[in-house]
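Below, all heavy atoms of this structure are taken into account, side chains as well, without hydrogens, waters or symmetry copies. Because the structure is a prediction, the values reported are computed rather than measured.
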Amino acid sequence: MPKSQTIPLPPLPADTYGKPKGKRYKQQFGVIALVQDEQAQKALFERLTSEGLKCKVVNT
């Protein structure tokens, strides 16, 4: 799999309130798993979190 390119962000104005220190972007990686229904979603979520993974539940 090719490495994704980094997109530079424009600089913030010097007087920006709450200007973050250091880098403004934290690279993250994730996986989306499609399941049959809510019951399967719950089971998968519980299994993955019990293995120590950070998970987010979504419904589209």
Pairs satisfying salt bridge (Lys or Arg N to Asp or Glu O under 4.0 Å), at least one member in residues 47-56, at least two apart: Arg47-Glu51
hydrophobic_cluster_shared for Phe45 and Val35, side chain cutoff 4.5 Å: no
Close side-chain approach of Lys42 and Glu46, heavy atoms under 4.5 Å: yes
Euclidean distance, Leu44 CG relative to Gln36 CD, rounded to 0.5 Å: 10.0 Å
